[in-house]
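Order of the sequence lines fixes the chain letters, A, B, ..., with proteins taken first and strands second; residue numbering starts at 1 for each chain.
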Protein chains: 2
Amino acid sequence: MNVRVDPHSLVPPSQQLVAAVLDAIAAGELAPGDKLPSVRGLAGEALVNPNTVIKAYRDLEHLGATEGRNGSGVYVTAAGPDVAKALRLAETLATFQQAAAAAVRAGHDEQVLRAAITQARGARELGQGEAGKQRSKA
Amino acid sequence: MNVRVDPHSLVPPSQQLVAAVLDAIAAGELAPGDKLPSVRGLAGEALVNPNTVIKAYRDLEHLGATEGRNGSGVYVTAAGPDVAKALRLAETLATFQQAAAAAVRAGHDEQVLRAAITQARGARELGQGEAGKQRSKA
DNA sequence: ACGACCGTCCTATCGGTCTAGGACGGTAGG
DNA sequence: CCTACCGTCCTAGACCGATAGGACGGTCGT
């Protein structure tokens, strides 16, 4: 799972962790019933405080994507993939609309923006292969 | 000028003010030599602290878009429009690329995204008329 | 000269977030 | 049973940005 956390970003580390976990669930990297990394383990890997991971896991539980079992671990719920995908669809569309409006307002040519989309799709198809490998290996 | 500041946003109020002023300069709403709103006036209008406006004005001066004259006011520099346009072009393209990549990764159809661009362009052409009126009136 | 307005600076405080470190009880495998 | 690991909670502190309020000197029209 992608656990890179940028401490200089405007979006707080805990939210970056939430997004990373949701991405992993939506991508099928974490399936329902799978156990998430331990609080201390993920904290060490992402170089953040365990309390920050706790907060992220609590947010994920409130979203219904995961459930924590005391003393055992945090697990992906059956509804996890649906929740993660729905959230990502809504969020990314909203931010994309804002970004598109801002870019158009700044004077960017529509053709340049379309090219950026095509480029993003191309870059995605390359990375998609790796994700599939990781899943089949798990 | 658009001085709406969202206190709940992740981007700090001072940066929102910077963006709003740059937008106004890039749109021609504020021409070189024009005086920006007073620190206290803008603070009252945007419902923020005068110190927050001071910080925004200082950032704008560092960018080279404005210059403050002690006791008189803050004025748009000759290079202001160029600076503002260049900044907006670079910033909006970067955020657009990120948003596009995220949207594609989330599974959005390329056609949906293209439609969002077209829609943004349509919305812009409507608002552009007002901006032109305001400028010709000034 | 005077008064209103201006930008600037200063100190103190508050709120949110992350960090630090320790403690508790539950779970599970040997 | 016992040990290791787990999630959870707590207190305390640091940090950053915005807020609050006051003070200073410069500018400009009258």
Side-chain angles (χ1 to χ4, degrees), chain A residues 1 3-21 24-25 30 32-77 80, chain B residues 1 3-21 24-25 30 32-77 80:
Chain A
M1 180 163 45
V3 284
R4 272 168 298 182
V5 165
D6 176 15
H8 303 91
S9 166
L10 278 178
V11 21
S14 60
Q15 288 190 32
Q16 293 183 43
L17 289 178
V18 170
V21 172
I25 296 177
L30 284 172
D34 280 2
K35 191 162 90 170
L36 270 63
S38 77
V39 166
R40 293 167 178 81
L42 183 54
E45 197 177 348
L47 300 177
V48 297
N49 194 279
N51 287 324
T52 304
V53 179
I54 290 180
K55 178 171 184 178
Y57 279 7
R58 192 157 35 203
D59 289 350
L60 285 166
E61 186 156 9
H62 285 156
L63 290 173
T66 65
E67 58 175 345
R69 300 180 204 156
N70 233 322
S72 170
V74 174
Y75 299 83
V76 179
T77 62
Chain B
M1 183 163 43
V3 284
R4 274 168 295 182
V5 166
D6 177 14
H8 303 92
S9 165
L10 277 178
V11 21
S14 60
Q15 289 190 32
Q16 293 183 42
L17 289 178
V18 170
V21 172
I25 295 177
L30 284 172
D34 279 2
K35 190 161 90 172
L36 269 63
S38 78
V39 167
R40 292 167 178 81
L42 183 55
E45 197 177 349
L47 301 177
V48 297
N49 194 280
N51 287 323
T52 304
V53 179
I54 290 180
K55 178 171 185 179
Y57 279 7
R58 192 157 34 203
D59 289 350
L60 285 167
E61 187 157 8
H62 285 157
L63 290 173
T66 66
E67 58 175 346
R69 300 180 203 155
N70 232 321
S72 170
V74 174
Y75 299 83
V76 179
T77 62

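Rounding to whole angstrom units, CG of residue Asn49(B) and P of dG21(D) are separated by 9 Å. Asn51(A) has its CG atom 18 Å from the P atom of dC15(D), to the nearest Å. Taking atom NZ of residue Lys55(B) and atom C1' of nucleotide dG17(D), one finds them 6 Å apart after rounding to whole Å. One atom, CG of Leu17(A), and another, P of dG7(D), lie 14 Å apart when rounded to the nearest Å. Across the protein-nucleic acid pair, Leu42(A) atom CG and dC18(C) atom P stand 14 Å apart, rounded to whole Å. Whole-Å rounding puts the Arg69(A) CZ to dC5(D) C1' distance at 16 Å. Between the CD1 atom of Ile54(B) and the P atom of dT11(C) there is a distance of 15 Å, rounded to whole Å. Between Leu10(A) atom CG and dA18(D) atom C1' the separation is 15 Å, expressed in whole Å.
Side-chain contact check for Tyr57(B) versus Pro37(B): some heavy-atom pair is nearer than 4.5 Å. Looking at heavy atoms from C-beta onward, Leu17(B) lies in side-chain contact with Val5(B) at the 4.5 angstrom threshold.
For Val39(A), counting side-chain heavy atoms from C-beta on, the closest listed nucleotide (dG7(D), dA28(C), dT8(C)) is dG7(D).
Comparing Tyr75(A) and Gln15(A), the nucleotide of DNA chain C nearest to each residue sits closer to the 5' end for Gln15(A). If you find the closest nucleotide of DNA chain D to Leu47(B) and to Ser72(A), the one lying nearer the 5' end belongs to Ser72(A).
Of the side-chain N and O atoms in Thr52(B), one or more sit less than 4.0 angstrom from OP1 or OP2 of dT19(D). At the phosphate of dC6(C), OP1 or OP2 sits under 4.0 Å from a side-chain N or O atom of Ser38(B). Distances shown here put a side-chain N or O of Arg58(B) below 4.0 Å from the OP1 or OP2 atom of dC9(C). Distances shorter than 4.0 Å separate none of the side-chain N or O atoms of Ser14(A) from OP1 or OP2 on dT17(C).
Between Pro32(A) and Thr77(A), the shortest heavy-atom distance links the atoms CB-O, 3.5 Å.
Listed for the Glu67(B) side chain is no donor-acceptor partner under 3.5 Å among the backbone atoms of Val76(B). The backbone N or O of Val74(A) lies less than 3.5 Å from no partner atom in the side chain of Thr66(A), so there is not a single donor-acceptor pair.
Side-chain atoms of Arg40(A) and base atoms of dT8(D) include a donor and an acceptor less than 3.5 Å apart.
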